[in-house]
Amino acid sequence: QVQLVESGGGLVQPGGSLRLSCTASGTIFSGNVMGWYRQAPGKQRELVATVTSDNSTSYADSVKGRFTISRPNAKNTVYLQMNSLKPEDTAVYYCNCYIYLHSQYYWGQGTQVTVSS
């Protein structure tokens, strides 16, 4: 019932920037949290950033000061602005949406981010 569509991944050199976007469609209730996770091959999926309906944000320590999550108009689109990218940021990035009413996560298909010289 809920579908997330991501875009914006690609190949960049260290120090470069990318902006990821995610748009949710379907039945989205007002009580929800949207965020970004990432996963490298053979590693666990880790939380990168979240934003609530009232624009409260949180970040993993590894990306603080470099990444910014935003949710314009507190609607169903979320962005992840990634600056000063490092090779360690290389991963598949996944958008998610958590709906309180259903106590359930919904996931996007993932978009590849590669940081390499």
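As a basis for the values below, the full set of heavy atoms in this structure was taken, side chains included, without hydrogen atoms, waters or symmetry mates. Not measured: the values here are computed from a predicted model. The chain is numbered in sequence order, starting from 1.
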Exercise. Check for a donor-acceptor pair, side chain of Glu6 on one end and backbone N or O of Gln109 on the other, with a separation under 3.5 Å.
Key: yes
Self-check item: Tyr79: partners by ring-ring contact (aromatic ring centres under 6.0 Å, His included), with sequence neighbours left out
Solution: none
Quiz item: In chain order, what residues pass the side-chain contact (heavy atoms from CB on, under 4.5 Å) check against Asp89, with sequence neighbours excluded?
Solution: Arg38, Arg66, Phe67, Leu85, Lys86, Tyr93, Val115
Quiz item: Which salt bridge (charged side-chain N to carboxylate O under 4.0 Å, His left out) pairs, counting each pair once, include a residue from residues 10-30, with sequence neighbours left out?
Solution: none
Practice problem: Just jot down the disulfide bond (SG atoms under 2.5 Å apart) partners of Cys97, sequence neighbours excluded, or say none. | Solution: none
Quiz item: In a check of side chain to side chain contact (heavy atoms under 4.5 Å, CB included) between Thr57 and each of Ile69, Thr52, Thr68, which one passes?
Solution: Ile69
Quiz item: Heavy-atom count around Gln44 CD within 6.0 Å, excluding the residue itself: above 12?
Solution: no
Quiz item: Any chain of hydrophobic side-chain contacts (each under 4.5 Å) joining Leu80 to Tyr105?
Solution: no
Exercise. Could you go through the side chain to side chain contact (heavy atoms under 4.5 Å, CB included) check for Trp36 and Asn96 one step at a time?
Key: CA-CA 6 Å; Trp36 291 92; Asn96 72 20; over 6 Å; no
Exercise. Following the transitive rule for hydrophobic clusters with a side-chain heavy-atom cut-off under 4.5 Å over Ile, Leu, Val, Met, Phe, Trp and Tyr, establish whether Val113 and Trp107 coincide in one cluster.
Key: no
Exercise. Applying side-chain contact (heavy atoms from CB on, under 4.5 Å), name anything that partners Ser17, two or more places apart in sequence or on another chain.
Key: Gln81, Asn83
Quiz prompt | side-chain hydrogen bond (donor to acceptor under 3.5 Å, both in side chains) against Ser58, all qualifying residues, sequence neighbours excluded | solution = Thr50
Exercise. Find out if a path of hydrophobic residues (ILVMFWY) with successive side-chain heavy-atom gaps under 4.5 Å connects Tyr59 to Val51.
Key: yes
Self-check item: Rounded distance [0.5 Å steps], OG in Ser25 versus CD in Gln3
Solution: 4.5 Å
Self-check item: Smallest separation among heavy atoms of Gly110 and Tyr94, with atom names
Solution: CA-CD2, 3.5 Å
Quiz item: Which pairs count as disulfide bond (SG atoms under 2.5 Å apart) when at least one residue sits in residues 18-49, sequence neighbours excluded?
Solution: Cys22-Cys95
Quiz prompt | Distance (rounded to the nearest 0.5 Å) between Gln104 CD and Ile99 CD1 | solution = 7.5 Å
Quiz item: Any side-chain heavy-atom pair from Pro14 and Ser117 closer than 4.5 angstrom?
Solution: yes
Self-check item: Residues which pass side-chain hydrogen bond (donor to acceptor under 3.5 Å, both in side chains) with Ser84, listed by chain and number, not counting sequence neighbours
Solution: none
Exercise. Please identify each residue that fulfils side-chain contact (heavy atoms from CB on, under 4.5 Å) with Ala24, with sequence neighbours left out.
Key: Leu4, Ile28, Met34, Asn76
Self-check item: Thr111 side-chain N/O to Gly9 backbone N/O, donor-acceptor pair under 3.5 Å
Solution: yes
Practice problem: Identify, with sequence neighbours excluded, every residue that meets side-chain contact (heavy atoms from CB on, under 4.5 Å) alongside Ser103. | Solution: Tyr98
Practice problem: With sequence neighbours left out, write down each residue that passes side-chain hydrogen bond (donor to acceptor under 3.5 Å, both in side chains) with Ser21, or none if nothing qualifies. | Solution: Ser7
Self-check item: Within-4.5 Å side-chain heavy-atom neighbours: Val12 and Met82
Solution: no
Exercise. Can you run down the salt bridge (charged side-chain N to carboxylate O under 4.0 Å, His left out) pairs that involve residues 107-117, sequence neighbours left out, and say none if there aren't any?
Key: none
Quiz item: Transitively linked via ILVMFWY side-chain contacts under 4.5 Å: Tyr106 with Tyr37?
Solution: no
Quiz item: Got Arg71 and Asn55 here, is their nearest side-chain heavy-atom distance under 4.5 Å?
Solution: yes
